[in-house]
Amino acid sequence: DSVPDSDWPQHGRTAAELRYSPLTQINTSNVKRLGLAWYQDFDTFRGQEGTPLVIDGVMYLTTNWSKVEAVRAATGEVLWRYDPRVPGDVAVRGCCDTVNRGAAYWKGKVFVGTFDGRLIALDAKTGKLAWSVNTIPQDANLGNIRSYTIDGAPRIAKGTVIIGNGGAEFGVRGFVSGFDAETGSLKWRFYTVPAPGNRPDGAVSDEPLSKLAYHTWSPTGAWTHSGGGGTVWDSIVYDPETDLVFLGVGNGSPWNYQVRSNGVGNNLFLGSIVAIRPETGEYVWHFQETPNDQWDFTASQPMMLLDLVINGKKRHLLAQAPKNGFFYLLDARTGEFVSAIPYTNLNWASGVDPKTGRPKIVPEAMWSLTGQTWMGIPGSLGGHNWAPMAYSPKTGYVYIPAQELPEPFKAEKNFKLRSMGVNLGIDMAGLPDDPHVVEAVGSSLKGWLEAWDPATGKVAFTVPHETPWNGGVLATAGDLVFQGLATGAFEAYDARTGSKLYHFDAHSGIVAPPVSYEVNGHQYVAVEVGWGGAFPLMGGALARHRNTTINHSRLLVFALDGHVDLPVETHNTQMPFRATQPFDAERATKGYDLYQHYCLACHGDNAVAGGVLPDLRYSGALEDPTGFYNIVGRGALSNYGMVSFSSSLKETEIEDIRNFLIKRSQGPHAESAPDAGQKKASQ
Ligand SMILES: O=C(O)c1cc(C(=O)O)c2c(n1)C(=O)C(=O)c1cc(C(=O)O)[nH]c1-2
Ligand SMILES: [Ca+2]
């Protein structure tokens, strides 16, 4: 690769996306001298998942709500800012926070996908808009629900900007588009699942869908209305060596396989990696990691390209640790299966067929067919989610931000497609109001950094963390691995042993991956801080278990002998309010069911917020039915992301939810009080 050592010009730094910096100024012998060189406060308190790009001393970063800025990478001086003004009310279309994972850079332009589905190109010098396109076609076979969002980073291949989208938890039909980087004109579209009745789209995917995919779906089933899923919401990798673009295709919609496809068929290309040509979108090969998906087991997780010697043979490989718990190696040119070895505990499959790589799914894991509850490992958040892994060619290890979050899967009794709220076909009952249960389940969750040797398929070492949902990883030639943690630490480990060499208290949960670069002879390490994404939004009391950090979104930039102090957070935005009004127990019970379907995805299981969005048990609006209705029914707070639900919820149902929230406000409170974070932060 011709990438200068000093830069981080692409999402994973190089096309192979190893997230490896060849810089050595900061290394195992001096990392203790690392300190803050500069920082910038962001304007939101939401999750930050961005990978900053650094080209020629200028950093291009994206933050929540798809905002973009350019700063001098050595000093933080702001060169320009661009706010695409994503309407607040589209927040409700997203499963997992209004995050953004980063920009792409090519020939003086910066490309960003916006949460409302646009792809924009900005002049890198001025931040002026060069072009903008709506990536969601209005006239296509897209199903009934159009909850499309974009939070993934675009990729560039041969002058084509490639972008997918998310939304499979609500019910959409996945597709990826390629646009001309100069003009923004559409070059091709590749749909990842067929249209009902095998209707052609007039797209490059028509032939592979018709030949390979359509007959792997039941001709009937909820997918014909919900779109089937298969969103490419994060990983897309272009490999110049094979001239292939690899798409990481997501889960089925609804999750429930019985409901989705009458419990039959592999449902291609769900849970698959699909290889296509960059300029035309032409299909080349696919490999399905998870057939019969009913666990939200996406193949959307970050992919990287590795040249390894396997069984004495040099091979050019695609590597991925998707949600399903197996670490995959595939021949990048042909898609030929090489190996799939568990990198974490898993119980849904007893292994894979050694020839084809097809998982041997245990019958009890097929919860949508058995009607029984299945305690799945991994759960829907995966053994590894979107937080990127890194590879060091010096150690030969892949560093995986791994986790274990078991999850009960049970079919929903009477599935109906809702126009708002999630459509999973799963029983949404969450954790009970029982501190012992919360403690027991919370204690069973795990997170760790795993050094995985892809050549041998063995774990070299692990670094255990306090909680799951930790940050992405950076590896450097200084033999260091950097990672931010859910609990607010930013750490560096010895890349060979995992021993902790550096710790910094960032005061706020980190999920984003660090990057490293050099300006004027100084090496820097930068990371976005801000707790968010799927687990903090939905996880309820579990997301607060052993983790009560206050959310503060920032960019931190470290260098040797940096000496800037980070102000300690002392405030908490949530007032410790308790509703005092009486509530109607029957309404509260109805309200609980509605809450779990319509509100949980953002405000947390059983009305316990995970530290990002408002905890509704403390909402002043609970005291006043009209005020509450103004927000939930009339959209009074839609600019902040709280849309009106009046198209889905009747006024009396909204009042049921208010009764439920009053009940929850009065307790019991299984997790620690919201002001517990204050104590922690000032320690
Ligand atoms: O199926 C989808 O379309 C889709 C989209 C997204 C997204 O756009 O962020 C996530 C997921 N699924 C998902 O399953 C998931 O675990 C997840 C985590 C996150 C996040 O940003 O923390 N996004 C998503
Ligand atoms: Ca998903």
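Nothing here was measured: the structure is a model prediction, and the numbers come from that model.
- Of all heavy-atom pairs between Leu119 and Pro154, the closest is CD1-CG, 4.0 Å.
- Side-chain contact check for Ser300 and Trp233: at least one donor-acceptor pair (N or O, by modelled atom type) lies under 3.5 Å.
- A donor-acceptor pair shorter than 3.5 Å can be found between the side chains of His11 and Arg19.
- Classified by interplanar angle (parallel below 30°, tilted 30° to 60°, perpendicular above 60°), the ring pair Phe461/Tyr399 is tilted.
- In this structure, the side chain of Lys394 engages the main chain of Ala477 through a donor-acceptor pair within 3.5 Å.
- Applying the side chain to side chain donor-acceptor pair (under 3.5 Å) criterion to Trp374, with sequence neighbours excluded, gives no partner residue.
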side-chain contact (heavy atoms from CB on, under 4.5 Å) between Leu566 and Leu556, worked out
CA-CA 9 Å; Leu566 194 64; Leu556 304 184; 3.8 Å; yes
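- Counting all heavy atoms, side chain and backbone alike, Gly533 lies closest to Val99 at N-CG1, 4.4 Å.
- Between the CD1 atom of Ile26 and the CG atom of Leu480 there is a distance of 8.0 Å, given to the nearest 0.5 Å.
- With a 4.5 Å cut-off on side-chain heavy atoms, Leu555 and Tyr39 do not count as touching.
- Salt-bridge formation is not detected for the pair Glu169/Arg93: no Lys NZ or Arg NE/NH1/NH2 atom is positioned less than 4.0 Å from an Asp or Glu carboxylate oxygen.
- No hydrogens or angles considered: a donor-acceptor pair under 3.5 Å links the side chains of Thr98 and Arg46.
- Judged by distance alone, with hydrogens and angles left aside, the side-chain atoms of Thr51 form no donor-acceptor pair with the main-chain N or O of Gly102 at under 3.5 Å.
- Using a cutoff of 4.0 Å between basic side-chain nitrogens and carboxylate oxygens, Lys458 and Asp453 are not scored as salt-bridged.
- A donor-acceptor contact shorter than 3.5 Å links the side chain of Asp505 to the backbone of His507.
- When every heavy atom of Pro513 is checked against every heavy atom of Val473, the shortest pair comes out as CB-N, 4.2 Å.
- Between Trp255 and Asp293 there is no side-chain heavy-atom pair separated by less than 4.5 Å.
- When atom types are taken as modelled, the side chain of Arg546 and the backbone of Arg544 share no donor-acceptor pair closer than 3.5 angstrom.
- For Lys323 (side chain) and Ser380 (main-chain N/O), a donor-acceptor pair under 3.5 Å exists by modelled atom type.
- With sequence neighbours excluded, no residue satisfies salt bridge (charged side-chain N to carboxylate O under 4.0 Å, His left out) with Asp5.
- A side-chain donor from one of Thr549 and Asn547 sits under 3.5 Å from a side-chain acceptor of the other.
- Shortest non-hydrogen contact noted between Met304 and Met389 is CE-O, 3.8 Å.
- Remark: aromatic rings of Tyr391 and Tyr20 are distant, center separation not under 6.0 Å.
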What verdict does the ring-ring contact (aromatic ring centres under 6.0 Å, His included) test give for Tyr148 and Phe175, after you've listed the backbone C-alpha separation in whole Å, the side-chain angles of each residue and the deciding distance to 0.1 Å?
CA-CA 10 Å; Tyr148 287 100; Phe175 63 89; 5.5 Å; yes
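- A distance below 6.0 Å separates the ring centres of Phe558 and Phe490.
- Considering every non-hydrogen atom in both Gly167 and Val172, the closest pair reads C-CG2, 3.5 Å.
- The main-chain N or O of Leu542 is never found under 3.5 Å from a side-chain atom of Asp605 such that the two would form a donor-acceptor pair.
- With values rounded to the nearest 0.5 angstrom, Leu305 atom CG is found 8.0 Å from Glu17 atom CD.
- Contact check for Leu501 versus Tyr493: no side-chain heavy atoms found under the 4.5 Å cut-off.
- The aromatic rings of Phe504 and Tyr502 sit parallel to each other, their planes meeting at less than 30°, with 60° as the upper class boundary.
- Here the CG-OG1 distance, from Asn100 to Thr149, works out to 11.0 Å after rounding to the nearest 0.5 Å.
- Atom CG of Leu449 is separated from atom CD of Gln483 by 5.0 Å, given to the nearest 0.5 angstrom.
- Judged purely by atom type and a 3.5 angstrom limit, Thr135 uses its side chain to pair as donor or acceptor with the backbone of Gly117.
- Considering only heavy atoms from C-beta on, Trp65 stays 4.5 Å or farther from Asp116 through its side chain.
- In this model, no donor atom of one side chain and acceptor atom of the other lie less than 3.5 Å apart for Glu528 and Thr63.
- Between Lys500 and Glu491 a salt bridge is recorded (basic side-chain N to carboxylate O distance below 4.0 Å).
- Two residues are said to be in side-chain contact when any heavy atoms from C-beta on lie closer than 4.5 Å; Pro454 and Leu306 meet this criterion.
- Salt-bridge annotation for Arg13 and Asp7: absent, with no side-chain N of the basic residue lying under 4.0 Å from a carboxylate O of the acidic one.
- Annotation: side chain of Phe115 is not in contact with side chain of Ile150 (no heavy-atom distance under 4.5 Å).
- Closest heavy-atom contact between Tyr343 and Trp452: CA-CZ3, 3.7 Å.
- The distance from the CG atom of Asn324 to the CG atom of Asp296 is 11.5 Å, given to the nearest 0.5 Å.
- In this model, no donor atom of one side chain and acceptor atom of the other lie less than 3.5 Å apart for Asn165 and Thr231.
- Distance check: Ile162 CD1 to Ser177 OG gives 10.0 Å after rounding to the nearest 0.5 Å.
- For the residue pair Gln40 and Glu69, a side-chain donor N or O sits within less than 3.5 Å of a side-chain acceptor on the partner.
- A donor atom on one side chain and an acceptor atom on the other are found under 3.5 Å apart for Asp307 and His316.
- In this pair, Trp348 and Trp295 present their aromatic rings tilted. The plane angle is within the 30 to 60° band.
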For Gln10 and Val3: C-alpha separation, side-chain torsions, deciding distance, then whether side-chain contact (heavy atoms from CB on, under 4.5 Å) applies.
CA-CA 9 Å; Gln10 299 171 49; Val3 171; 4.0 Å; yes
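- Using a 4.5 Å heavy-atom threshold, the side chains of Val511 and Gln48 count as separate.
- Checked by atom type and distance alone, the side chain of Glu404 never pairs as donor or acceptor with a backbone atom of Lys446 at under 3.5 Å.
- A side-chain donor-acceptor contact under 3.5 Å links Asn551 to the backbone of Trp531.
- Using modelled atom types, one finds a donor on one side chain and an acceptor on the other under 3.5 Å when comparing Gln301 with Thr298.
- Using a 4.5 Å heavy-atom threshold, the side chains of Ser339 and Leu329 count as touching.
- No donor-acceptor pair under 3.5 Å is formed between the side chain of Ser272 and the backbone N or O of Val249.
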